[in-house]
Amino acid sequence: MTKKRPKRAITANVVRPDKVEIELPISLKDLSALLAIRVPEIMSFFMKQGMMLNQNQPVPKESVELLCLHYHIECTIVDEEDLEQELVAQWEADEDEANLVWRQPIVAVLGHVDHGKTTLLDTIRKTKSPVAAQEAGGITQHIGAYVAEHNGKGITFIDTPGHEAFTEMRARGANVTDIVLLVIAADDGVMPQTKEAIQHAQAAGAHIMVAMTKIDKPNANKDRLFQQLAQIEGMLPQEFGGETEVVPVSAVKGQGIDELLETITTYAELLDLKANPERAASGTVLEAKKTEGRGIVVTALLQDGSLKKGDNIIAGRAWCRVRMMFNDRGKPVQVAGPGVPVEVLGFDEIPEAGDRFYSIQDEAELKDLLADRERRAREKAGAVEPHIPTDYAGVIKQLADKQVKEVRVIIKADTQGSLQVLKAEVNKLGNNEVRCRVIRDGVGAITTADVNLAFAERTGSCVIMGFGVIAETKSRALAKERGIDIRTHSVIYDLLNDMKDVMGGALEPEERENVIGMVEIRKVFRSSKLGNIGGCFVEHGVVRRNANVRLSRDGIVLWQGELASLRRFKDDVREVRENFECGIKLAGYDDIKDGDRLEVFEIERIKRTLE
Ligand code: GDP
């Protein structure tokens with residue numbers, strides 16, 4: 001492990017620089033020294049933007065940029081390299097060419113809906129699984145990826161739920177596929193989603209081959225499909241002198257399956273795919289979910305090295321000591337090699353689909369990584385969310401928007417799927433007075449890092465919503481100590497209603513006036529010491545000491561306000577009822593006359609709800 005880069009020595013500049021390089025994270029104090037702007041000045045600048053920071057807190061990147069912009073300092077921001085990035089670099093550097101051996105290709109299957117993707121995969125699975133012959137009763141396990149065998153060589157198929165998911169994985173840096181198998185039905189031809197899939201695959205730089213399915217159908221039209229492909233850039237079929245392999249198949253009749261697998265293996269040979277099964281494992285998380293009985297279940301695709309039971313792996317924020325592994329047929333395995341998908345049990349948190357994972361064999365390195373992970377989580381929690389716009393138009397707009405209340409929410413859910421739905425629904429809540437902002441979301445239990453973040457956001461309302469997850473005992477304790485509201489639900493509808501409730505609480509309550517009595521001033525007593533006191537009679541209802549009154553004379557309202565005192569004989573009282581006499585002094589109004597009338601009312605504050 002390389003040593004961490006030392007922090008740059010920061011000395012107080014006497015002259016303000018017009019150009020700086022800032023390495024993140026940076027505390028407000030260090031930023032002050034670097035920019036030669038006094039700490040209180042920076043604090044006051046951020047405060048004007050609605051952000052409270054103490055001098056030891058890290059300043060968010062956007063805020064640093066805004067500050068520099070304000071002081072006309074040109075800044076270049078360098079994010080601190082984290083241990084994980086170093087690990088990746090080291091991983092790549094450590095590869096020894098001499099140990100590389102053939103690895104099986106990884107094929108992603110894409111295509112228009114109903115063109116026969118599932119049927120084709122099922123057929124391959126049933127007939128070409130390495131041990132299918134020995135396993136009676138078919139294969140029921142579904143892990144989103146599985147291995148077929150052709151002439152003694154493996155092929156891994158990834159059942160991509162859609163090309164968006166394929167691209168999303170790629171966007172997260174997980175370019176796992178060697179080949180894209182595009183499924184196009186011979187009876188239907190190229191459809192909009194086929195074209196989209198081609199664009200996505202081409203954008204990923206993947207080699208595309210075509211499985212022309214449903215050739216057994218009477219209306220199958222091979223020639224039309226060839227023509228259509230020929231018109232798409234980069235998809236000219238080999239039959240027309242191009243490079244795209246098109247293999248006709250019928251999944252229902254089992255025709256063309258061998259030819260398809262042969263085409264895949266032949267092309268894979270050309271790719272010269274290599275990996276080192278002797279080294280520690282690395283790969284990509286394909287799917288991750290929390291299940292009832294088995295806890296967190298992760299489908300991991302090994303891309304290099306071998307993963308063994310008991311290995312320690314790190315995937316994004318999650319850590320795992322591999323407790324159990326299952327292959328694509330649901331059988332427990334002790335070890336899995338390059339190109340192989342496995343289900344892994346033993347994760348402490350749910351990683352995200354697309355996260356790279358690495359097996360760490362050195363205990364000291366593992367400790368370092370875990371500490372680094374904790375530190376980053378803490379920093380993230382301690383840091384104020386950068387809700388400062390990065391341009392002045394944005395700042396002005398934000399100030400103008402100040403009337404709008406914002407309820408911040410941290411959402412934790414059991415699966416990525418439910419999280420996506422919740423985020424979309426929660427973002428829809430709100431009106432022109434109150435809106436909702438998801439400041440953090442994730443899959444897994446509510447952790448102390450979540451509570452800390454909510455605490456950092458406490459200047460507004462911030463609530464933590466859990467869906468199908470629990471809050472760890474220490475998170476609950478911390479939330480209680482810090483006065484953070486944690487609400488957990490298992491029904492989306494309930495969670496949304498609860499969120500509406502919270503948002504309703506942020507709305508200014510509606511004020512309703514209830515008239516509770518009418519009083520006549522029958523005789524004014526003048527006192528040089530106390531001012532004018534009305535000798536009153538409660539005509540009906542009641543007058544209360546803390547009520548409001550409206551004074552009218554000849555039917556015209558002259559004043560409205562509160563009572564300074566309410567007395568019966570010499571005693572201060574809280575209320576006087578109908579048909580009784582009392583002495584009233586008004587707060588801040590002395591010009592009372594005999595015959596004036598006081599309408600007594602109370603203001604009821606009614607909590608509003610969000611529709
Ligand atoms: P997907 O949406 O792409 O996964 O498509 P499916 O695999 O669910 O297939 C859609 C329909 O086409 C189903 O009714 C299948 O039985 C049918 N189908 C799929 N492959 C073939 C095939 O090779 N021949 C025929 N005749 N029908 C097929």
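Note that ligands are numbered from 1 as they come in the structure, with each ligand's atoms numbered from 1 the same way. Note that the structure is a prediction, hence the values are computed from the model and not measured. Positions are given from 1, in the same order as the sequence printed here.
Between Lys217 and ligand 1, not a single N/O pair is under 3.5 Å apart. Taking distance alone, with nitrogen or oxygen atoms compared against 3.5 Å, Leu120 stays at or beyond that limit from ligand 1.
Figure legend: cation-pi geometry between Arg294 and Phe326, with NZ or CZ positioned under 6.0 Å from the six-membered ring centre and within 45° of its axis.
For Asp216, every heavy-atom contact with ligand 1 shorter than 4.0 Å involves the side chain, none the backbone. Contacts with ligand 1 closer than 4.0 Å are made by heavy atoms of both the backbone and the side chain of Lys214.
At least one heavy atom of Ser250 sits less than 4.0 Å from an atom of ligand 1. Proximity of Lys253 to ligand 1 is not established, as no heavy-atom distance is less than 4.0 Å.
Under the 3.5 Å distance criterion, with hydrogens and angles disregarded, no donor-acceptor pair is assigned to the side chains of Thr263 and Glu245. For the residue pair Glu472/Thr447, the side-chain donor-acceptor check at 3.5 Å is not satisfied. In summary, the side chains of Arg103 and Gln303 do not present any donor paired with an acceptor at a separation below 3.5 Å, with no hydrogens or angles considered. Checked by atom type, the side-chain pair His115/Asp188 shows a donor-acceptor distance below 3.5 Å. Under the 3.5 Å distance criterion, with hydrogens and angles disregarded, a donor-acceptor pair is assigned to the side chains of Asp498 and His489. Between the side chains of Ser418 and Thr415, at least one donor N or O lies within less than 3.5 Å of an accepting N or O.
The nearest non-hydrogen atom to atom 16 (O) of ligand 1, considering only Val113, Thr123, Thr119, comes from Thr119.
Counting protein heavy atoms only, atom 2 (O) of ligand 1 is closest to Asp114 N, 2.7 Å. Protein heavy atom closest to atom 3 (O) of ligand 1, with residue, atom name and distance, is Lys117 N, 2.8 Å. Protein heavy atom in closest approach to atom 23 (O) of ligand 1: Ala251 N, 2.9 Å.
The nearest protein heavy atom to atom 26 (N) of ligand 1 is closer than 4.0 Å.
Listed here is the closest heavy atom pair of Ile184 and Gly189: CG2-O, 3.4 Å.
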